[in-house]
There are 2 protein chains.
Amino acid sequence: MASLGELERAVMDLLWAGHEAATANTLRDLLAQSTRPENGTAGHEGKDLAVTTVLTVLSRLERKGLVERERGTRPHRYQAVSSREDHTAELMHEVLGSAPDREAVLARFIGSVTDTEAETLRKLLGLS
Amino acid sequence: MASLGELERAVMDLLWAGHEAATANTLRDLLAQSTRPENGTAGHEGKDLAVTTVLTVLSRLERKGLVERERGTRPHRYQAVSSREDHTAELMHEVLGSAPDREAVLARFIGSVTDTEAETLRKLLGLS
DNA sequence: CTGGTACTTCTACCTCATGTAGAAACTATC
DNA sequence: GATAGTTTCTACATGAGGTAGAAGTACCAG
């Protein structure tokens, strides 16, 4: 249950930006941002979607457990449940988890990581 | 372009088994195996699918670049393009690749790996 | 060579996820 | 209470994946 659609991902990108800034976005916020072309990442740039479209997507993301919605306030506030990094790492674990031979997979995985990243990993594992 | 359906995965499981044994499977082989209940992993256990169903799935897997088909021989022979481990590792890279802050993701990822696996990683990284 | 059997290709249908949005219900405010 | 913004419900279109029939193709037995 991992994959996101294009629009879903775009919305998550906005929410993840808010997550870093510890901001809970309202629907209006999101719409404003999505129209702004600077938001390259957000894909769907300036596509001028209907309000309800974004709402629907937010509901679906909520159902998927990726978004939390504050229903108390009047314009509801939406926020990503976890950071983009956490989410991605979790995804990686999901992918890895389905493998019978996890260690073999890890070996391959490590094999094709950039040098910088290998260095980072060494540090994290207390190797240097 | 990563995800596989349930049946697609089941078929890949069979083909991956063949990959280890360097065997190119025919349709008949696959059908025989899929009916065999020992093949827990294969899911879809003994579901007795129509021949064409499996063929269709194989075609789709071929289109996705996961399966290679020898068209020369009469019963065509099918085989996984890469091992399950390679494929999984590649998937992990795909997931990681979409992240802007790869190193942060790796940090989280490493944080939730079993001790044994951490040890494996140390070995792998120590050598390179 | 000829028919039957096995194999392959084409086409099709169903369901579900996702993108998209209108209609209606709701709420705060003037 | 009318109005404008917000939220919910409902709905349709498209594409992926599961499933398989019908028809075409190839190969062996006789």
Side-chain angles (χ1 to χ4, degrees), chain A residues 1-15 24-35 39 42-79 91 94 98, chain B residues 1-15 24-35 39 41-79 87 91 94 98:
Chain A
M1 221 294 205
S3 76
L4 295 181
E6 206 175 332
L7 178 54
E8 289 177 330
R9 186 166 305 274
V11 170
M12 282 312 295
D13 274 333
L14 295 176
L15 290 174
N25 298 272
T26 71
L27 172 65
R28 216 73 347 227
D29 295 339
L30 296 173
L31 283 171
Q33 285 177 81
S34 78
T35 325
N39 275 316
H44 268 269
E45 308 122 50
K47 246 221 179 178
D48 215 354
L49 296 166
V51 192
T52 48
T53 300
V54 180
L55 253 317
T56 302
V57 168
L58 283 168
S59 295
R60 288 176 183 165
L61 289 171
E62 193 189 12
R63 182 153 37 86
K64 289 186 187 183
L66 296 182
V67 164
E68 201 166 38
R69 174 197 314 227
E70 281 178 47
R71 286 167 186 275
T73 61
R74 184 45 182 156
H76 293 184
R77 291 177 181 279
Y78 307 85
Q79 54 196 321
L91 263 193
E94 245 172 68
S98 68
Chain B
M1 220 290 206
S3 74
L4 296 181
E6 207 175 332
L7 179 53
E8 288 178 330
R9 186 167 304 273
V11 170
M12 282 311 295
D13 274 333
L14 296 175
L15 289 174
N25 298 271
T26 72
L27 173 64
R28 213 90 325 243
D29 294 338
L30 296 173
L31 283 170
Q33 285 177 81
S34 78
T35 325
N39 276 316
T41 320
H44 267 270
E45 306 122 49
K47 247 223 179 175
D48 217 352
L49 296 167
V51 191
T52 48
T53 299
V54 180
L55 252 318
T56 302
V57 168
L58 283 168
S59 294
R60 288 176 183 166
L61 289 170
E62 194 189 11
R63 181 154 37 85
K64 290 187 186 182
L66 296 182
V67 164
E68 200 167 38
R69 174 199 313 229
E70 281 178 47
R71 286 167 186 275
T73 62
R74 185 40 184 159
H76 293 183
R77 291 177 181 278
Y78 306 85
Q79 54 196 320
H87 176 255
L91 263 194
E94 245 172 69
S98 68

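Chain letters run A, B, ... following the sequence lines, proteins first and then strands; every chain starts at 1.
Residue pairs meeting the salt bridge (charged side-chain N to carboxylate O under 4.0 Å, His left out) criterion with at least one member in residues 49-61 of chain B: none, sequence neighbours excluded.
Comparing C:dT20, D:dA20, D:dT8 by their closest approach to the side chain of A:T53 singles out C:dT20.
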Is there any protein nitrogen or oxygen under 3.5 Å from a nitrogen or oxygen in nucleotides 11-14 of chain D, and what are the pairs?
none

Polar pairs (N or O, both sides) under 3.5 Å between protein and nucleotides 2-4 of chain D?
none

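Shown here are the side chain to side chain donor-acceptor pair (under 3.5 Å) partners of B:T26, two or more places apart in sequence or in another chain: B:D29. Taking the ring-ring contact (aromatic ring centres under 6.0 Å, His included) definition, one finds that A:H76 meets it with nothing, sequence neighbours left out. With sequence neighbours left out, the side chain to side chain donor-acceptor pair (under 3.5 Å) criterion links B:S59 to B:R69. The side chain to side chain contact (heavy atoms under 4.5 Å, CB included) check on A:T52 picks up A:A50, with sequence neighbours excluded. Applying the salt bridge (charged side-chain N to carboxylate O under 4.0 Å, His left out) criterion to B:E70, with sequence neighbours excluded, gives no partner residue.
With A:R9 as reference, A:D13 is the one residue of A:V11, A:D13, A:L7 to meet the side chain to side chain contact (heavy atoms under 4.5 Å, CB included) rule. Just one of A:L55, A:V54, A:T53 meets the side chain to side chain contact (heavy atoms under 4.5 Å, CB included) condition when paired with A:V51; it is A:L55.
For the segment residues 67-77 of chain B, residues with any heavy atom less than 4.0 angstrom from an atom of DNA chain C are, sorted by number, B:R69, B:R71, B:R74, B:P75, B:H76.
Between the CD atom of B:E6 and the C1' atom of D:dT19 there is a distance of 13 Å, given to the nearest Å.
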